[in-house]
Amino acid sequence: MTCDPRVLRRPLLVGLIPAVWTVVLGLWGLSRQNSVWRDEAATWQVARRSTGDIVRMLEHVDVVHSLYYLCMHGLFAGFGPSTTVLRLPSVLAIAAAAACVALIGHRLAGAYVGLGAGLALGLLPAVQFYLQEGRPYALVAAGSAASTLLLVNALRGRARKRTWAAYACAVLVCGWLNWLALLILPAHLITLLWSRAPRGVRVRWAVAAGAATAGVLPLALFSLDQSGQVSWVPPLTWHMMIGPAILLAIGGLGGLLGRRTGTGTAPGTGMGAAERTGAADRTDRTGRADRTDLAGPPDLANRAGRPGPTGTVEPPGPVTGSPSVAAVGLPLLAVPQLGLIGLSLVKPLFVDRYILFSLLGLALLIGALIGRAVDEVARRSRPAARCVLPVLVAVALVALLPQSLAKRSPASRVDDVLAAAERTRQLKHDGDGVLFIPAARRDTWLVTPDAFTGTRDIALAETPEKSGTLKGVEASPARVRAAMLAQRRILLVTDATGVARPTRGRRDRTKAEVLATHFTLVSDERIRGRRVAVYERLAPAGGG
């Protein structure tokens with residue numbers, strides 16, 4: 001298989017091929033053997049609530065994901081809850097991001113760089129993980145890719161008022177999906193400065209960026225009151241810097257080699273060195289340039305390699321303000337990583353999924369490396385150069401196959417809500433009491449309530465919907481103790497050993513103490529990160 005030259009002359013196909021490729025990767029093993037883990041369970045159970053209940057909840061918790069929850073509520077209402085509906089938005093979002101990355105690479109450095117970047121994005125291990133995740137991070141990546149494509153168009157002299165309006169809207173939506181997405185703005189600012197963008201472009205960018213920031217600021221400020229939600233994030237340590245350091249090293253190499261190939265482009269043509277070589281040969285054979293290959297803005301005709309007044313083809317030249325792949329990719333990769341590290345020095349926030357969109361920059365820089373490889377081979381054999389990209393993609397696919405398979409298995413996540421619910425369905429008896437330690441494990445019931453039909457949540461005082469919380473409000477320890485002692489049989493849903501944290505809170509300690517003192521364990525099973533145990537009363541209900 002080789003890259004058909006006709007594909008290289010059609011930007012639409014350069015974007016479409018990575019999008020389809022990413023959709024195929026996303027649909028592969030999408031259900032993860034019908035498993036849903038705790039983070040996705042939050043999406044699932046919130047999306048099933050009414051709009052009013054969701055808004056009430058957002059006043060107390062998870063306001064940072066408000067737009068995402070409302071969107072998923074609409075999808076669940078329209079198509080019903082399922083793992084496909086839960087995850088398909090992320091698949092389509094990463095596919096859109098891959099198309100945007102491919103178009104960016106194509107416009108900056110030629111079709112080979114664009115195709116390489118777009119195809120590489122879906123193969124990155126972290127992207128494969130969140131490609132099939134029912135959370136908003138893939139959608140943030142899609143919006144970030146779209147805003148970067150709009151910025152590149154503006155830097156290449158194709159900006160109109162609607163371009164900047166679309167840019168502001170893209171950043172605004174990203175910010176409402178997760179306000180840490182605003183870290184893309186300093187990355188874009190560095191791209192503008194690196195590319196020596198004209199003052200007018202910088203001013204228009206500042207206005208658009210300011211408008212988007214103003215729109216996200218109320219959400220960011222309100223979410224500060226809910227900062228306890230990220231209290232589980234550990235403080236920054238040196239070993240946490242290993243991953244970002246490796247990413248930046250790879251990105252720096254891609255940027256360096258991309259620059260050494262002149263980013264492989266004739267701005268305005270979307271052609272790399274290999275493509276330009278083929279176009280030059282066709283010019284030699286026909287006495288004129290192939291206008292399809294060299295399509296670009298009319299005012300760049302000569303600089304893009306079209307015949308000049310004398311009939312000769314002039315070599316491609318630079319376009320003022322047109323960025324290199326390095327100028328776009330390196331800031332996009334580095335600034336969010338370094339920015340989140342900086343924020344984490346003030347408050348622990350360093351979680352890689354919060355800046356998943358930074359991997360768009362890595363994909364662009366990998367595309368630059370692929371473009372360099374194609375250029376090197378093209379100097380020796382143009383037909384062989386067409387095989388470079390397919391061969392590299394095939395090798396990467398095979399090399400990453402173990403990781404790809406692992407990320408599509410239930411074991412790739414810390415637990416499985418649906419598996420625990422199904423085991424509860426098999427073990428329950430009518431009239432059983434159910435306990436959750438900690439209370440957050442109530443998501444097992446909230447996602448699959450029919451699995452608990454005939455049982456009673458004996459600790460629950462106020463439902464999640466009524467209380468406007470994710471896990472509901474439990475009764476006082478004394479009331480929980482009395483309710484437990486009134487039960488003959490109790491099902492406990494908790495975390496498996498290795499996943500469970502030390503029991504915290506007086507209420508959970510009371511649950512554990514009563515079970516140990518007044519009940520005997522008759523069944524104890526560990527299912528994909530969770531534990532479902534059955535306890536029976538040692539003495540008649542109501543006894544000491």
Go through the side-chain N and O atoms of Arg408 and Gln33 and say whether any donor and acceptor fall under 3.5 Å apart.
no
Once side chain to side chain donor-acceptor pair (under 3.5 Å) is applied, do any residues pair with Asp415, and if so which ones, sequence neighbours excluded?
Arg38, Arg530
Within the 4.5 Å heavy-atom criterion, are Arg353 and Arg135 side-chain neighbours or not?
no
Of all residues at least two apart in sequence or in a different chain, which pass the side chain to side chain donor-acceptor pair (under 3.5 Å) check with Thr83?
none
Quick check: do Val393 and Ile370 have side-chain heavy atoms less than 4.5 Å from each other?
no
Do the non-hydrogen side-chain atoms of Leu338 and Leu248 ever get within less than 4.5 Å of each other?
yes
With a 4.5 Å cut-off on side-chain heavy atoms, are Pro218 and Leu221 touching?
no
Residue set satisfying ring-ring contact (aromatic ring centres under 6.0 Å, His included) with Phe76, at least two apart, ordered chain then number -> Trp44
Does a side-chain heavy-atom distance below 4.5 Å link Val91 with Thr22?
no
With Trp176, which residues qualify under ring-ring contact (aromatic ring centres under 6.0 Å, His included), at least two apart?
none
Please round to the nearest 0.5 Å and tell me the distance separating atom OG of Ser404 and atom CG of Leu397.
6.5 Å
Pairing residues for Trp164 by the ring-ring contact (aromatic ring centres under 6.0 Å, His included) criterion, not counting sequence neighbours:
Tyr167
Are the side chains of Trp205 and Leu155 in contact, using a 4.5 Å heavy-atom criterion?
no
Is Leu139 close to Tyr68 at the side-chain level, that is, under 4.5 Å between some pair of heavy atoms?
yes
With the threshold set at 4.0 Å, does a side-chain nitrogen-carboxylate oxygen contact exist between Glu133 and Arg413?
yes
Taking the side chain as every heavy atom from C-beta outward, state whether Ser35 and Leu418 have any atom pair closer than 4.5 Å.
no
Please identify each residue that fulfils side chain to side chain donor-acceptor pair (under 3.5 Å) with Thr148, with sequence neighbours left out.
His188
Distance (rounded to the nearest 0.5 Å) between Ser195 OG and Arg156 CZ
12.0 Å
Taking 4.0 angstrom as the limit, do Arg87 and Glu40 come out as a salt bridge?
yes
Report yes or no: do Tyr137 and Asn178 form a side-chain donor-acceptor pair below 3.5 Å?
no
